[in-house]
Amino acid sequence: MLLDDFSELEKTRHEKMLRLRAEGTEPYPTRSSKNMSNAEAIKAFEAAEAKGESEVPDVVLAGRIRAIRDMGKLCFAHIEDGSGKIQLFLRVNELGEEKMAGFIRDFDISDFIEASGSLTRTRRGEITLMVHDFSMLAKALLPLPADKDQVIDGETVRHSVLTDPETRYRQRYVDLAVNPEVREIFKARAKVVSTVREYLDERGYLEVETPILQPIYGGAAAKPFTTYHNQLHQELFLRISFELYLKRLIVGGLDRVYEIGRDFRNEGVSFKHNPEFTQLELYEAYTDYHGMMRIAEEMISKAAFKLNGHYKIQYDGQEIDLTPPWPRLSIRQGLIDFAGIDIIDYPTIESLETLLKEREIPFRPGSPRGKLIGILMETYIEPRLIQPTFLCDYPRDISPLAKNVPGDPSTVERFEIFIGGVEMGNAFTELNDPLEQEKRFMEMAKAYAADDEEQHPMDHDFVRSLAYGMPPTGGMGIGIDRLVMMLTGKNTLREVILFPHLRKIED
RNA sequence: GGGCGCGUAGCUCAAUGGUAGAGCAGCGGCCUUUUAAGCCGUUGGUUCAGAGUUCGAUCCUCUGCGCGCUCACCA
């Protein structure tokens, strides 16, 4: 029970709550008669002042008490609502002895209060509500972590800020309540998503929703979460991508589709991996991966501009310029530039394995050639791609859903977007040859036959859909969490996911 | 999953093989324009949990739990 664990401090608050109730004041009243936000109040006062008035009467404000400065016969407090903070000024002349004492006795920092009165400016010049009356809106039994703002030369310095990552993520409500900049991150996130929607909607894309519970998972190489439908006696997987369903829609004649939703991958957690994450996938008929590059650079730079008013972001101590167009770099050229390796010179698995051994790069024996090239790419290219870059033309045997580069059977028209050395997205010219697709599925099944965890199941219905004919198509996936992390300059996904995954703990 | 690090009051942090302290918040005072308000006084701890070593452990050792970093994994 909540009360059983109360500290002395919390018991004191509980007693205050009970006392209010005993005195006939409901500590959790049903409604508020707040008639403007704190930000509106400040605007209203400034407007009145511009007209030569020194007061705005009949204002009812409400919010969470964030600071109390009690001076006996008068008292200042700051309250905060979703729009910001404003100061309250309580004076015994206005309120009377009893009411004034009641405030000091019953109200604490983090309680929600409603106060009516008139707006004025204090001697120190702060726009303030001169309180004529006040009441409790919600008593807080647990105190929020104490923090204080100090303004030095116009800059706000915060003291005793809640920083413990575990508390911040497990009790995000406390983090949000106490750290205004955290609220800003999630406003930024919402803005990025709405900018993306706006961009795609303007281009005739249809937003769709496809199954999260899937009888066959696919579209990426990842371990799925499994679940079970009791009535149907059926094993189900939480999707690892939307790809195979969205391409079925292209077959069906929905020429431009996108979905923003959650993917689930049963894998390790890191600064750039969360078991569930938000993905944008989009598919457009009659275009290819070049078309996807144009969309990516336009859409992402637009999101950055809407957020910050310019194309530059600070990430991990470096300035990143998102101004389009972004450079295109083939994996082959990248390896020549950064590693002095031309993969054309290493046509066989054996020659690549020798190269990797020489360079003391670990790899799993028995990997296909494309996988080894992938390892070289991760080692030499990815960390260098700080400025936004399309890394193009991937090995075929690690890209079973992408179409070949014409005339080059070992390479496919695929790119990944790198910003700040982190993969932001993945796109390709979609494979639309049904027999080739079926063959690729079988190759993957063979390649991973020994590895139970990475079984890549054949999706016969998807192959069948392609057999009905899919037009040439470009498709792309962009990790929204990673994008927001980059655009807000955070160094971990956990900062941009409201409730990041943490280990279960006994409460 | 491996390696390294961390876990002390509600929050931010000190300290020591001899039984834990500060600021903020809380509580009691003083103060009629403050803003990290100030001043005086004061409460508050299973030092993450358990076991071991020791006369004595918050400190040393081990195990567990949680968090962080990192490696692996992640077409």
Side-chain angles (χ1 to χ4, degrees), chain A residues 5-13 15-16 66-78 85 87-94 100 104-105 108-110 120-126 128 130 140-152 156-170 174 178 218-223 240-241 265-273 275 277 362 364 367-368 370-371 373-375 377-378 394-402 412 414 416 423 426 428 440 443-444 447-448 451 453-454 456 491-492 494 502-506:
Chain A
D5 298 327
F6 271 13
S7 69
E8 219 164 296
L9 198 158
E10 291 151 0
K11 281 177 187 150
T12 306
R13 285 171 173 255
E15 282 159 16
K16 291 179 182 182
R66 295 302 306 278
I68 296 175
R69 292 180 293 280
D70 171 28
M71 303 181 67
K73 298 285 194 298
L74 55 90
C75 179
F76 294 91
H78 271 103
K85 287 186 189 173
Q87 183 169 254
L88 303 185
F89 184 14
L90 297 92
R91 226 162 48 132
V92 72
N93 310 34
E94 300 285 340
M100 188 75 192
I104 298 305
R105 193 181 61 230
D108 291 297
I109 288 170
S110 24
T120 57
R121 231 180 239 285
T122 60
R123 269 180 214 168
R124 296 291 178 91
E126 181 164 347
T128 298
M130 174 63 79
L141 300 181
L142 303 180
L144 289 170
D147 70 328
K148 294 205 167 190
D149 292 349
Q150 180 182 23
V151 180
I152 302 172
T156 301
V157 179
R158 304 188 59 225
H159 300 271
S160 296
V161 177
L162 171 70
T163 53
D164 174 48
E166 188 167 355
T167 310
R168 289 189 50 227
Y169 302 143
R170 282 198 200 281
V174 172
V178 135
K223 293 164 208 158
I240 58 172
S241 88
R265 297 188 182 175
N266 204 340
E267 289 163 355
V269 179
S270 79
F271 79 94
K272 55 180 176 177
H273 296 274
F277 61 100
R364 194 190 294 182
S367 299
K371 181 97 182 173
I373 294 171
I375 291 169
M377 178 193 92
E378 285 162 20
Y394 277 60
R396 184 194 110 121
D397 48 29
I398 55 170
S399 315
L401 301 165
V412 294
R414 172 182 173 190
E416 291 187 320
E423 182 201 334
N426 181 22
F428 25 89
R440 299 271 197 100
E443 282 172 13
M444 292 307 287
Y448 288 97
D451 191 346
E453 290 186 317
E454 292 200 32
H456 194 92
N491 57 9
T492 166
R494 285 184 289 264
L502 296 178
R503 225 173 275 268
K504 189 182 169 183
I505 189 172
E506 297 300 318

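All chains are named by letter (A, B, ...) in the order of the sequence lines, taking the proteins before the strands, and each is independently numbered beginning at 1. If you're wondering where the values come from, they're calculated on a predicted model, not measured in any experiment.
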What does the list of N/O pairs under 3.5 Å between the protein and nucleotides 26-29 of chain B look like, with a distance for each?
residue : atom : partner : partner atom : Å
B:rC27  : OP1  : A:Lys16 : NZ           : 2.4

Scan nucleotides 11-13 of chain B against the protein and return all N/O pairs shorter than 3.5 Å with their distances rounded to 0.1 Å.
residue : atom : partner  : partner atom : Å
B:rC11  : O2'  : A:Ser160 : O            : 3.2
B:rU12  : OP1  : A:Thr163 : N            : 3.3
B:rU12  : OP1  : A:Asp164 : N            : 3.2

Polar-atom pairs under 3.5 Å, protein N or O versus N or O of nucleotides 30-35 of chain B: list them with distances, or write none.
residue : atom : partner  : partner atom : Å
B:rC31  : N4   : A:Gly72  : N            : 3.0
B:rU32  : N3   : A:Asn93  : OD1          : 2.8
B:rU32  : O4   : A:Asn93  : OD1          : 3.1
B:rU33  : O2   : A:Arg123 : N            : 2.9
B:rU34  : OP2  : A:Arg124 : NE           : 2.4
B:rU34  : OP2  : A:Arg124 : NH2          : 2.7
B:rU34  : O5'  : A:Arg124 : NH2          : 3.4
B:rU34  : O2   : A:Arg69  : NE           : 2.8
B:rU34  : O2   : A:Arg69  : NH2          : 3.1
B:rU34  : O2   : A:Gln87  : OE1          : 3.3
B:rU34  : N3   : A:Gln87  : OE1          : 2.9
B:rU34  : N3   : A:Gln87  : NE2          : 3.2
B:rU34  : O4   : A:Gln87  : NE2          : 2.9
B:rU34  : O4   : A:Thr122 : OG1          : 2.7
B:rU35  : OP2  : A:Arg124 : NH1          : 3.0
B:rU35  : O4'  : A:Arg69  : NE           : 3.1
B:rU35  : O2   : A:Glu126 : OE1          : 3.0
B:rU35  : N3   : A:Glu126 : OE1          : 2.7

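Counting heavy-atom neighbours within 6.0 Å of A:Arg105 CZ, excluding the residue itself, gives a total above 12.
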Taking distance alone, no hydrogens or angles, what donor-acceptor pairs closer than 3.5 Å link side-chain atoms of residues 67-78 of chain A to residues at least two apart or in another chain?
residue : atom : partner  : partner atom : Å
A:Arg69 : NH2  : A:His78  : ND1          : 3.4
A:Arg69 : NH2  : A:Gln87  : OE1          : 2.8
A:Asp70 : OD1  : A:Gly72  : N            : 2.9
A:His78 : NE2  : A:Glu126 : OE2          : 2.7

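Distance alone, capped at 3.5 Å, is enough to place a donor-acceptor pair between the A:Glu267 side chain and the A:Lys223 backbone.
Nucleotides B:rA22 and B:rG68, compared at atom P, are 32 Å apart to the nearest Å. Going from the C1' atom of B:rC67 to that of B:rC31 covers 45 Å, rounded to whole Å. For the C1' atoms, the distance from B:rG66 to B:rC48 is 8 Å, rounded to whole Å. A gap of 15 Å separates the P atoms of B:rU53 and B:rU58, to the nearest Å. Between the C1' atoms of B:rG28 and B:rG56, the separation comes to 38 Å (whole Å). Atom P of B:rA57 sits at a distance of 25 Å from the matching atom of B:rA14, rounded to the whole Å. Of the C1' atoms belonging to B:rU16 and B:rA72, the separation is 40 Å, rounded to the nearest Å. Using C1' as the reference atom, B:rG45 and B:rA9 are 6 Å apart when rounded to the nearest Å.
The separation between A:Lys272 atom NZ and B:rU70 atom C1' is 13 Å, rounded to whole Å. The distance between atom CD1 of A:Ile240 and atom P of B:rC73, rounded to the nearest whole Å, is 18 Å. Atom C1' of nucleotide B:rC74 and atom CE of A:Met377 are separated by 12 Å, given to the nearest angstrom. Per the geometry, CZ belonging to A:Arg66 stands 13 Å off P belonging to B:rA25, to the nearest Å.
Taking the side chain as every heavy atom from C-beta outward, A:Glu10 and A:Leu142 approach each other to under 4.5 Å. With contacts defined as side-chain heavy-atom distances shorter than 4.5 Å, the pair A:Arg265/A:His273 does not qualify. In this structure the side chain of A:Pro275 reaches within 4.5 angstrom of the side chain of A:Val269, judged on heavy atoms.
Electrostatic pairing of A:Lys16 and A:Asp108 counts as a salt bridge here, judged by a charged N lying under 4.0 Å from a carboxylate O.
Judged as a side chain to side chain contact (heavy atoms under 4.5 Å, CB included), and not counting sequence neighbours, A:Asn491 has no contacts. Legend: residues meeting side-chain hydrogen bond (donor to acceptor under 3.5 Å, both in side chains) with A:Arg168, ordered by chain and number and at least two apart, are A:Asp175, A:Glu495. When the side-chain hydrogen bond (donor to acceptor under 3.5 Å, both in side chains) test is applied to A:Thr122, no partner is found at least two apart in sequence or on another chain. For A:Glu423, the side chain to side chain contact (heavy atoms under 4.5 Å, CB included) partners two or more places apart in sequence, or in a different chain, are A:Glu416, A:Phe418, A:Asn426, A:Arg482. With sequence neighbours left out, the side chain to side chain contact (heavy atoms under 4.5 Å, CB included) criterion links A:Ser399 to A:Tyr394, A:Ala402, A:Val412, A:Arg414. Considering only residues two or more places apart in sequence or on other chains, A:Arg66 meets the salt bridge (charged side-chain N to carboxylate O under 4.0 Å, His left out) condition with A:Glu80, A:Asp147. Partners of A:Pro165 under the side chain to side chain contact (heavy atoms under 4.5 Å, CB included) rule, at least two apart in sequence or in another chain, are A:Tyr169.
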Heavy-atom contacts, protein to nucleotides 1-8 of chain B, under 4.0 Å, summarised as B (base), S (sugar-phosphate only) or - (none) per nt, yield --------
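Pairing of B:rU35, defined by two Watson-Crick or G-U wobble distances under 3.5 Å, is not identified with any nucleotide. When both pairing distances are held under 3.5 Å, B:rG1 makes a Watson-Crick or G-U pair with B:rC71. With a cut-off of 3.5 Å on both pairing distances, B:rA14 has no Watson-Crick or G-U wobble partner at all. Pair check for B:rG26 finds B:rU42; Watson-Crick or G-U wobble, both atom distances under 3.5 Å. Remark: B:rC6 base-pairs with B:rG66. Criterion, Watson-Crick or G-U wobble with two distances under 3.5 Å.
The side chain of A:Arg494 places an N or O atom within less than 4.0 Å of a non-bridging phosphate oxygen (OP1 or OP2) of B:rC69. One finds a side-chain N or O of A:Lys371 lying less than 4.0 angstrom from the OP1 or OP2 phosphate oxygen of B:rC74. Checking the phosphate oxygens (OP1, OP2) of B:rA25, a side-chain nitrogen or oxygen of A:Lys148 falls inside 4.0 Å.
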Could you walk me through whether A:Met100 and A:Arg91 pass the side chain to side chain contact (heavy atoms under 4.5 Å, CB included) test, one step at a time?
CA-CA 7 Å; A:Met100 188 75 192; A:Arg91 226 162 48 132; 5.8 Å; no
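A:Pro165 comes within contact range of the sugar-phosphate backbone alone, with a heavy-atom separation under 4.0 Å but no base atom that close.
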